[in-house]
Amino acid sequence: MLKIKNLKAGIEEVQILKGINLEVNSGEVHAIMGPNGSGKSTLSSVIAGKEDYEVGNGSVDFLGENLLDMDPEERAHKGVFLSFQYPIEIPGISVSNFIKTSLTEKRKALGQDPLPVKDLLKMMREKMELLSIKKGYLSRNMNEGFSGGEKKRNEIFQMAMLEPKLSILDETDSGLDIDALRIVANGVNKLRTKDNATILITHYQRLLEHIVPDFVHVLHDGKIIKSGGKELALELEEKGYDWITKK
Amino acid sequence: MSDIKKQTEDELLEEVTTSEYKYGFTTDIESDTIPKGLSEDVVRTISSKKNEPEWMLEYRLNAYNAWLEMKEPDWANVSYEKPNYQDVIYYSAPKQKPVLDSLDDLDPEMKKTFDKLGISLEEQKRLANVAVDIVMDSVSVATSFKETLAEKGIIFCSISDAIQEHPELVKKYLGTVVPVRDNFFSALNSAVFSDGSFCYIPKGVQCPMELSTYFRINEAGTGQFERTLLIADEGSQVSYLEGCTAPMRDENQLHAAVVELIALDNADIKYSTVQNWYPGDKDGNGGVFNFVTKRGVCHKNAKISWTQVETGSAVTWKYPSCILKGDNSIGEFFSVAVTNNKQQADTGTKMVHLGKNTKSTIIAKGISAGYSDGNYRGLVRIAKGATNSRNFSQCDSLLMGDKCGSHTFPYIEVKNNSSQVEHEATTSKIGEDQIFYCNQRGIGTEEAIALIVNGYCKDVLNQLPMEFAVEAQKLLEISLEGSVG
Ligand SMILES: Nc1ncnc2c1ncn2[C@@H]1O[C@H](COP(=O)(O)OP(=O)(O)OP(=O)(O)O)[C@@H](O)[C@H]1O
Ligand SMILES: [Mg+2]
């Protein structure tokens, strides 16, 4: 599904990603861990198409197409979803209005008519139930005055509504309380199919107990310096990063 | 890409105006236009052409003499070349627009703009001046409309007609809220006003429909010096809509309208404006100068609510105001003012609290893009006798890009200590982060800006009657197209 080859990216003179190689197939869950500032969010932003970064050589292939040639909204239409580490407020726009716009735009790009309001509401209700979201939430304004945890849950709600092919969850677990973590993780698990894939960026093994990864990668200083199975996460939890980075 | 779009829109406007000649636009200009310039004779001529009674002529002459002694204000934070008042034609018969056979003859680009605005086919025909069926339609609509109003005793007509047919009402109220000498432009308007609307709602009557200048169809077109007088008698209620979201082009550069509202005891007036005067080209050439004096007076327990969405004009100078004269009266001002390219706006409101327990609310949202300059100027004055009065003001500015500016000038005077004034102001930018967030959710940049702007303006748009609100939203979208990225 996603093939990243020797991806380099930076801001002005500063190189942040220094040659990333990563392959994600449908049905898989990959976890990316790594110290603060190692480039995890940069990687997800570059995949999603944030313009701030200058992408050097290297390629990102998504379902056979060159992702780097597309506008961010086009990538979204093709099925790339990013759950932001720091979700953004859009004052005055209700969650339901935002999601409706987002879904309508995506469907338009795919040549589909907008979902009839009735079906849309039904779908929203189902997904709210899946994530134990309370009533009244739909009419609140996007992330305005949301608590940290509410913002994260709102990201996953959008993911559930948009049904992306590739979801990148950038520290979605940070800020969630113990119950919320379980609810959100359950939700993510239920949304998994053999046709979609998930990249989890996290600092904690705890999330990986709920959403079990097929692969764990360690990103350090703009490079993936180690990859392994789910045991690698346990090892990191125990020993920290020093033992790999100091090599 | 979007720059090109914007440009073609301006070109299209250009074309629409110049194409008037293409369609063979001729009227008997000779016979119905008086020479350039302003003099006592010109004022007399205007009055006699309109067949006005003596008292009206006196009113005009008095205004003219006052105007002569006045100076054009320059305190507003706008700069423009002052019009040469001797170079203006002060009276000409309503201009005829070219008559089209059907909407198919309309410039396709113009049609696109209409469609984008969601203007109904009927309305499009009216705006584009399509012949035959529309004339019939409009006559029948206007007739049934007038009948409904007449049943309730509501008077809604042109101010010229009102001067002829309801002189006692005009005489009693004209100039009572905006006196002749109020300011340079109001004096000018009082001397030479061409036409405008008059409306009277009798005691206890709730106007059954939104009164709209849309319905003045076959009466004189909006002029350069428009005059509106609206009286809501005791316990009555009315909602009045002014303007039009379609781009309005006018060869008259200078517009100086006066609007007076009178809300007698327990009356309630809601006055909504959506205005989209031609703002000039990208460099600010040729746009309309809009200098408007709008003011309402509230008697006991009365309420006046101004709502406006302004996207047009090269220079705007406008402060819809409320004089809260009666005890317990309420004044409200909800405004969205957009400036783009080289537009300049100095707008705001005045809330003058004279009665006890009076309340006012001001929600002003400015949006500046391009190289434009948006200014908010607000005055809240609470007189000594206006005990227990309250004001809440919120002035927000939204900047798009870094070439534009916005300034807020709040003036607050409180003369007693049982009253309270609250003022909040914010300035924000549409963040790249917000746009990227929307992009990531599949929403393109233009759409994202529209969404963010609509969210920002929500409190004001919510005040507009439903169909107007939808049009206003689209208008905001169009006027900001191509302003970021
Ligand atoms: N827009 C930017 N401008 C300047 N520097 C940036 C920008 N984005 C990222 N960086 C720098 O690039 C490096 C990687 O940042 P990034 O946000 O990708 O780290 P991260 O691995 O997600 O860290 P964390 O675990 O703290 O979330 C950091 O040193 C950061 O300061
Ligand atoms: Mg990060």
Side-chain angles (χ1 to χ4, degrees), chain A residues 44-53 70-95 97-110 139-144 151 154-155 157-159 161-164 166-168 170, chain B residues 1-2 309 334-336 363-367 394-401 424-464 469-470 472-474 476-477 480 484-485:
Chain A
S44 42
S45 297
V46 170
I47 296 173
K50 192 165 189 182
E51 276 167 14
D52 302 9
Y53 302 97
M70 299 177 205
D71 285 338
E73 59 270 28
E74 216 179 327
R75 303 182 195 201
H77 300 152
K78 298 253 150 100
V80 174
F81 181 90
L82 171 61
S83 167
F84 284 66
Q85 182 174 4
Y86 304 107
I88 308 290
E89 291 182 14
I90 318 261
I93 295 297
S94 66
V95 172
N97 187 2
F98 186 83
I99 291 182
K100 185 174 137 227
T101 310
S102 159
L103 204 57
T104 305
E105 289 297 307
K106 178 172 180 178
R107 292 176 66 94
K108 194 159 85 189
L110 300 177
S139 51
R140 287 184 67 180
N141 292 333
M142 272 303 280
N143 294 324
E144 206 181 8
K151 284 184 183 169
N154 187 22
E155 296 291 287
F157 179 56
Q158 293 172 69
M159 172 183 144
M161 290 298 295
L162 289 165
E163 302 177 323
L166 174 69
S167 303
I168 306 167
D170 192 354
Chain B
M1 164 67 198
S2 33
V309 174
F334 301 95
S335 162
V336 172
I363 310 280
K365 305 266 180 181
I367 302 169
Q394 186 182 326
C395 306
D396 299 328
S397 331
L398 185 68
L399 303 178
M400 303 174 77
E424 285 177 12
T426 65
T427 300
S428 49
K429 277 197 156 192
I430 288 198
E432 309 252 309
D433 287 348
Q434 279 178 320
I435 293 177
F436 177 63
Y437 188 76
C438 293
N439 287 164
Q440 209 301 304
R441 299 301 187 247
I443 304 168
T445 300
E446 297 275 335
E447 194 86 9
I449 291 170
L451 199 68
I452 295 163
V453 166
N454 276 332
Y456 168 77
C457 299
K458 194 181 200 169
D459 294 345
V460 175
L461 295 177
N462 279 347
Q463 297 294 324
L464 289 172
V470 173
Q473 265 186 22
K474 299 206 177 107
L476 289 175
E477 251 166 69
L480 291 170
V484 163

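From a predicted model like this one, the values you see are computed outputs, not experimental measurements. Chain naming here is simple, since letters A, B, ... match the order of the sequence lines and numbering starts at 1 in each. Reckoned from all heavy atoms, side chains included, excluding hydrogens, waters and symmetry mates.
- Looking at A:Y86, neither its backbone nor its side chain comes within 4.5 Å of chain B, counting heavy atoms on both sides.
- Electrostatic pairing of B:K474 and B:E477 does not count as a salt bridge here, judged by no charged N lying under 4.0 Å from a carboxylate O.
- The existence of a salt bridge linking B:R441 and A:E155 is confirmed by a sub-4.0 Å separation between a basic side-chain nitrogen and an acidic carboxylate oxygen.
- Comparing A:D71, A:D52, A:V80, A:L162 by how many heavy-atom pairs each has under 4.5 Å with chain B, the most go to A:V80.
- The residue among A:L82, A:I99, A:N97, A:T104 with the most heavy atom pairs within less than 4.5 Å of chain B is A:L82.
- Note: A:F84 and B:F436 meet the aromatic proximity criterion, with ring centroids under 6.0 Å apart.
- Both the backbone and the side chain of B:Y437 come within contact range of chain A, each with at least one heavy atom under 4.5 Å from a heavy atom of that chain.
- The local environment of CD in A:E144 is crowded, with over 12 non-hydrogen atoms from other residues, nucleotides or ligands closer than 6.0 Å.
- For A:E74, no part lies near chain B; criterion is any non-hydrogen pair under 4.5 Å.
- Heavy-atom neighbours of A:K106 NZ from other residues, nucleotides or ligands within 6.0 Å: above the threshold of 12.
- Your options are A:T101, A:N141, A:L103, and the one with the most heavy-atom pairs under 4.5 Å with chain B is A:T101.
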